[in-house]
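Reviewing the structure listed below.
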Amino acid sequence: MSAIEAELDQDWVENTDKAVDPEQFLTFIMNDEEYGVDILIVKEIKIWESATSIPRSPAHVRGVINLRGTIVPIIDLRQCFGMPAIEYGPLTVILVLQVSSEKGDREIGIVVDEVSDVHTLEAGQLSPNPEIGSGSKIQCIRGLVSVGEKMVILLDMDELLTQDDFSGISEVKEALLGATNDSNT
Amino acid sequence: MSIDLSQFHQVFFEESFEGLDTMESGLLELDIADIDDEIINTIFRAAHSIKGGSATFGFNVVAEFTHVIETLLDEVRAGTRSINQEEVDLFLQSVDCLRDLLQGLQNKEEVDEAQASELRTQFEIILGSESVDAVDQKTSSETNTGWLIKFKPESHILRTGNEPLRMFWQLEALGKVRITSITDEMPSFAGMNVELCYFSWEIEVTGDNISKESITEVFEWIEDEAEIVLTSLGNDSIEQDSPKSEAIDTEASKQETLKAAVPKIETQAPIKEDKKAKPAARNAKEFGSIRVDIDKIDTMINMVGELVITQSMLGQIGEEFTFDKLGKLQEGLQDLERNVAILHESVMRIRMLPISFTLSRFPRMVRDMSRQLDKKIELVLKGENTELDKTVMEKIGDPLVHLLRNSLDHGIELPELRRKAGKPETGTINLEAFHQGGNVVIEISDDGAGLNKEKIRAKAIENGVISENEALTQDQINDLIFQPGFSTAEVVTDVSGRGVGMDVVRRNIQSLGGTVSVKSEPGVGSTFTITLPLTLAILDGQLVRVGKEIYIFPLVSIVESLSADANQVNKVVGANDVLKLRDEFIPIIPLYETFGIEPDSRHLKDSLIVVVESEKMKVGLMVDELLAQQQVVIKSLESNYQSVGGISGATILGDGTISLILDIPGVVKLAEKYLNYAGVAA
């Protein structure tokens, strides 16, 4: 093998590495904070439409909508994270996510204030997720990423949305407050 | 040559289960006095293909076991052996056993070989005690210096793809082989058919430690198509000289097996118990796939073709639309509607299976049980081709079993009693399935004693279900047997009478959206009628409005709807309002309060009351308005969300919005939780 070939080979290896490694995530705004989810689980971005409410369901469950014949539950992420509720406006969108759990894949919609951007996650950019009082880590936060000036909180939707009754959510409430404080300092 | 055989496992299992069903029904049809060759052949073929398949896939337990069964069958087939009732029973047991084995293998569980080996020994005793050929089956592993094999294949052996040369090669692997060809039957050259085999051979295999099994294994695939005689070369003198000692041997081995069977008998009871517990899990896994008639698929493909044509036509109109084309557009839309409707129907039909899938196991059950109870019972099945949704079918099996057991145990009397009552000794149970409107009706009727009105009444009073001087019609009394904890059987038998039965039957059938009722006449018999919806995917619904929300009541659960007068409603202290409807007191549950939503009106006089049948009582649900009745397609909430109390599913209405379908017992539970509602007030 000639030197050039070897070099090409090397290049190729590096390129494929790059092609596999970088992960893209979609960011959205809530309460002026930016959050991100893995772009591959986002099935659809929809304008807010009213949902059929489910009796006696937790406050953060807005109801269910008809997504081309499939019944998809809608979660208000603001309510989940203990943020003040707002009027839904023209920018309010539903992100339909496909999350996987032991029971199989599920489609779940989350309501967010507005969709922001798509970023590529470079290697090493992800700082580990913050610790709360007891030192235990919150499962639903994958970590924090700084994009330029901003700080993006990368969420692990599989963890957050697949537990029955979305119990992962209450745990994240206070933790997130801590996390946002961290990012402000 | 490394084909991954596991990809064929599923097909093998399915075929084997089919084969077992064939064997079972064949065995049941079998008339011992006059054996029909065709039936024996059918059973034999089924056993043979199970054996072949399991050997191919390396399921040796199954293969070995089937082999023994097959040998016995073969003798029956050849007419060298008659068959008695015990043997038929043994065959039936082995069918069960094989089914368990295969089930175990399919689910990749540890298989319990104990039962198989026990049955196998029994077969071997039968084979050994009467037939000299059974030496073949004796699991002799004695070693000697060699074997003389006389191998005379039937002339068509080559047509079935078997090549003797390959077998010789295999024998060569065992030891030194000397082959003599016998060409006595060779016809003249002109008379020869190229496809036939005229040779037979004498083969001497010599070597150390050649077991008989290893040789029979070589010929395993063609032993039915060839004459194979094995003679031991080493110690043949002993074997041939003393056929008596052979017989003694089997006698001895019989005793041994008896001994071995003793501890097993003790364990038999729990095994049977296990079996009863199993079927539920079993059924769940069994129908992983579905066999669909080719004509159903053809209809569907045709419809899809039509749909594509209609779509392209509409597309064309849409591209350059002017108002004078409106008529055409409407026409096209009508076509589309019709096509979609037909397609919908044919897709639904795919899930429909003939009810015989469930009914086919009943003749066996009736046969076994009537023997157990010393009764003479004939089961007549009608309308086995009635089609029913796969899901409904899976769930209706157990209730049907229960009803049938009930008729067997309580319904049909013992032969003497029947004779005294002037009825034929053999009782008849009719099981009939048919379509009626959008429903499937299953009727189980017996010509037995009928329900004992007095006994039921007495029992009901004893249990406090009714009061002593309550006047009930015949039908109302009969209906009492569906109450929890109700059994009038004087003795609790193995078959029925634990009193958990009929209410469970009713609950199961209700959970399928069906109903069950009973008609009975003393001395003439009883008839149980089950009405089931054709499919679980579609439901007849009543749309109701509460505030801004639209909910759907399953139409079957609605008794009546009315607007209540104030004087019909009584306030009960510390509980909810009660509606006096004719002779009944019906608790009223305001749906808005139960669900925590905002209604139009909180007052009874502006609202409507829908009286529905819940699990054990009637309740009146307060709603704002009744809307249309329509068929709705049920969609699961659980697939993407979770189960919700009071809601059984959702559907999509014509305008694309979602409406929730109520689960009436669930609503009552919710009401109990949120309204401090304390059960039946009456």
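Residue numbers begin at 1 in each chain, while the letters A, B, ... track the order of the sequences. Every value quoted in this text rests on a predicted model; they were computed, and no experiment measured them.
The two residues Ile71(A) and Ala650(B) have their closest heavy-atom pair at CD1-CB, 3.8 Å. Across all their heavy atoms, Thr52(A) and Glu549(B) have their closest contact at CG2-OE1, 4.1 Å. Here the shortest heavy-atom pairing between Pro55(A) and Ile647(B) reads CG-CD1, 4.0 Å. The heavy-atom pair separating Val64(A) from Leu660(B) by the smallest distance is CG2-CD2, 4.5 Å.
Under a 3.5 Å cut-off, the side chain of Arg56(A) and the backbone N or O of Gly645(B) do not form any donor-acceptor pair. With Asn640(B) contributing its side chain and Pro73(A) its backbone, the two residues share no donor-acceptor pair below 3.5 Å. Judged by distance alone, the side chain of Asn66(A) and the main-chain N or O of Ile652(B) form no donor-acceptor pair under 3.5 Å.
Residue Ser50(A) does not touch chain B at all, counting heavy-atom pairs closer than 4.5 Å.
Enclosure of atom NZ in Lys150(A) by more than 12 non-hydrogen atoms of other residues, nucleotides or ligands within 6.0 angstrom is indicated. Remark: Glu337(B) CD is loosely packed, at most 12 non-hydrogen atoms of other residues, nucleotides or ligands lying under 6.0 Å away.
Of the inter-residue distances, the one linking Ile75(A) atom CD1 with Tyr641(B) atom OH reads 6.5 Å to the nearest 0.5 angstrom.
Residue pairs meeting the side chain to side chain donor-acceptor pair (under 3.5 Å) criterion with at least one partner in residues 589-600 of chain B, sequence neighbours excluded, are Arg545(B)-Asp600(B), Glu598(B)-Arg602(B).
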